[in-house]
Amino acid sequence: MAVQVLCSITESARLPATSAAPVRRHQSGWRYGLVVILICWVSSLVGHAQCSPGSILCETFGSGPRGALAPGITNFSYRARTCPDDGEYNLMDTVSESCHGQAWHRVPEDHTPNDVRGNMLVVNASFQPSEFYSQQAIGLCPGVTYEFSLWTLNLNRIMEAGACDEYSLRNPIIAMRIEQPDGTLIREEVQPAVSRTTTPTWVFLSMRFSIPTASNDIVVKLVNKGLGGCGNDLVIDDIGFRPVHPALTIRFPDISNTETTVCADTPLRLTLGTAVGYPNPVYLWQQSLDNLNWTPVTNPGQTTYTINRVRAGRTYYRLRNTQPINEAAVGRAQCSAESNVLIVNGRANAPFSLGDDLALCEGLSQVLTVPASLPVGTTFMWSDQSTSPQLTATAPGPYWLETDLNGCTYRDTILIESRNCRLNDIYVPSAFSPNADATNDRLLILHAGRFATYSFRVYDRWGNLIFVSDQAETGWDGTFQNRPCAEGVYGWTVHYSLQDPVNEAEQFVRSGRVVLVR
């Protein structure tokens, strides 16, 4: 009998809860059909799962009383019986040895360890070879290798055929198939026959496959390659579905351990250890404060990561990588390999701040003070090697304070610049002597900064304009129309503008007198 389960693999899928039904014993002689599993997978691990490590889906069938599966999961009939007949199934926590003329093993518990009254799914199927399980999986990652696995148990004891002597006793042979949604075969793997045993023995079956890059949806099927009748009865439990990624490790460059302790606020480099399997992979570094919740860090695409300033306390780091086709999903566990975890313990130091850089007016000083908030036990030293609570800065230059707490140092530097705080002032000599002796031969306007605009005028004693300059570098040489001017007093005016600290022009006008001496 062909059976399809049309549930999609989603994180919200759950098996329906149903009420318990009375258990009845039923004898049907020596006619045994295939015992099959028909389920909707769930993404959360139910109970104490025994699926393969890293499974993104794990079906354990839960524990406690269960009823029928939700409509549409199976075409088989639900019967709350100890011993299902052909075409029937039941969810049970034990299997009785009295079933079908004591042909079955007594199975006292399911495969999932440490659960109480854990369930397994037992189905007595039809006689002919057939597909008995079909599950669509959507949203997978192209190019990633997946493993589909389950645990199974041959229910049939080792015994003579009895009433079925016209048949040979048969063992289950399961083919695991992966198809594209249109039915195109991706991979099929026929598992070895599950042999009869003297005591009930669980057997692990699995297969691996890769999703073609053209699609990220598949259909997983189980096909019974054997005949029903005398034998071919089994129980299945703990179905897992997991990605299988290549090895990926990270390490500290100069430390063999996976945990280290360094001073907080210092740099530390993490680097790639082993990365095999993915050609030209993309990388994503992640960090966590609790080893549970992970967030990306900076420069995620590099094979090394430098922690610019280690934080105080414990921080966990790991790396993911995947094929370029899955770059957008590199942060998903299903689509990327996950490295080991490195632990960085940041030993507390004594961080502080001296404040912003300063500009001091010429001739003034600035007192720098050790912050009062430093933790108890902190020692400190200034840039001049002094250890007093204060340092007086009288000259321009860098000044720093360094703290030490339990061997961990922290330094902050402040830069002090000297500034002429009278930038709007100019200096005009009261006299000059243009006698070609190379000393004070020209009347120049002196200024500590740079003029934004400039206009200089000189007048004789009758108020006549005798000199004009719009360049501060060009001074009056004591002549008018190329003829030396007489000794005496001359008047002058200067119009100029300067840029203030916020780059706005400020206008000024100055005037005065100068004595020309020959």
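The basis for the numbers below is simple: all heavy atoms, side chains too, and nothing from hydrogens, waters or symmetry mates.
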Asks: Are Leu319 and Asn321 side-chain neighbours, meaning at least one heavy-atom pair lies under 4.5 Å?
Replies: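 They are not in side-chain contact.
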Asks: Under a plain distance cut-off of 3.5 Å, with no hydrogens placed, do Thr413 and Arg411 share a side-chain donor-acceptor pair?
Replies: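 No, because no side-chain N or O of Arg411 sits under 3.5 Å from a partner of the opposite role on Thr413.
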Asks: Could you verify whether a donor N or O on one side chain and an acceptor N or O on the other, from Asp238 and Thr112, lie under 3.5 Å apart?
Replies: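 Checked: Asp238/Thr112 side chains pair up, N/O donor to acceptor below 3.5 Å.
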Asks: Under a plain distance cut-off of 3.5 Å, with no hydrogens placed, do Ser210 and Thr145 share a side-chain donor-acceptor pair?
Replies: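 A donor-acceptor contact under 3.5 Å links the two side chains.
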Asks: Just do the side-chain contact (heavy atoms from CB on, under 4.5 Å) check on Thr295 and Gln287 with the steps written out, would you?
Replies: CA-CA 6 Å; Thr295 57; Gln287 65 181 4; 3.7 Å; yes
Asks: Hey, does Tyr399 have a side-chain heavy atom less than 4.5 Å from the side chain of Leu368?
Replies: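 Answer yes - side chains close enough.
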Asks: Under the salt bridge (Lys or Arg N to Asp or Glu O under 4.0 Å) definition, can you give me all pairs with a residue in residues 257-283, not counting sequence neighbours?
Replies: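 Matches after skipping sequence neighbours: Glu259-Arg314, Asp265-Arg309.
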Asks: Under 3.5 Å, is there a donor-acceptor pair between the Thr274 and Thr249 side chains?
Replies: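 Present: a donor and an acceptor within the cut-off.
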Asks: Is it true that the side chains of Thr453 and Ser497 contain a donor and an acceptor less than 3.5 Å apart?
Replies: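 Present: a donor and an acceptor within the cut-off.
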Asks: Among Phe467, Trp476, Trp462, Phe432, find the residue that satisfies the ring-ring contact (aromatic ring centres under 6.0 Å, His included) test when tested with Tyr490.
Replies: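 For Tyr490, the ring-ring contact (aromatic ring centres under 6.0 Å, His included) test succeeds with only one of Phe467, Trp476, Trp462, Phe432, which is Trp476.
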Asks: Trp294 ring centre to Arg318 NZ or CZ under 6.0 Å, with the angle to the axis within 45°?
Replies: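 Because its charged atom sits under 6.0 Å from the ring centre and within 45° of the axis, Arg318 does stack over Trp294.
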Asks: Side chains of Tyr459 and Ile466: does their closest heavy-atom pair fall under 4.5 Å?
Replies: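 Contact flag for Tyr459/Ile466 side chains = no.
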Asks: For Arg518, is there an ion pair with Glu487 - N to carboxylate O distance below 4.0 angstrom?
Replies: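 No salt bridge links Glu487 with Arg518.
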Asks: Are Tyr146 and Arg208 close enough, and set up right, to give a side-chain contact (heavy atoms from CB on, under 4.5 Å), and what steps lead you there?
Replies: CA-CA 5 Å; Tyr146 287 89; Arg208 293 187 178 186; over 6 Å; no
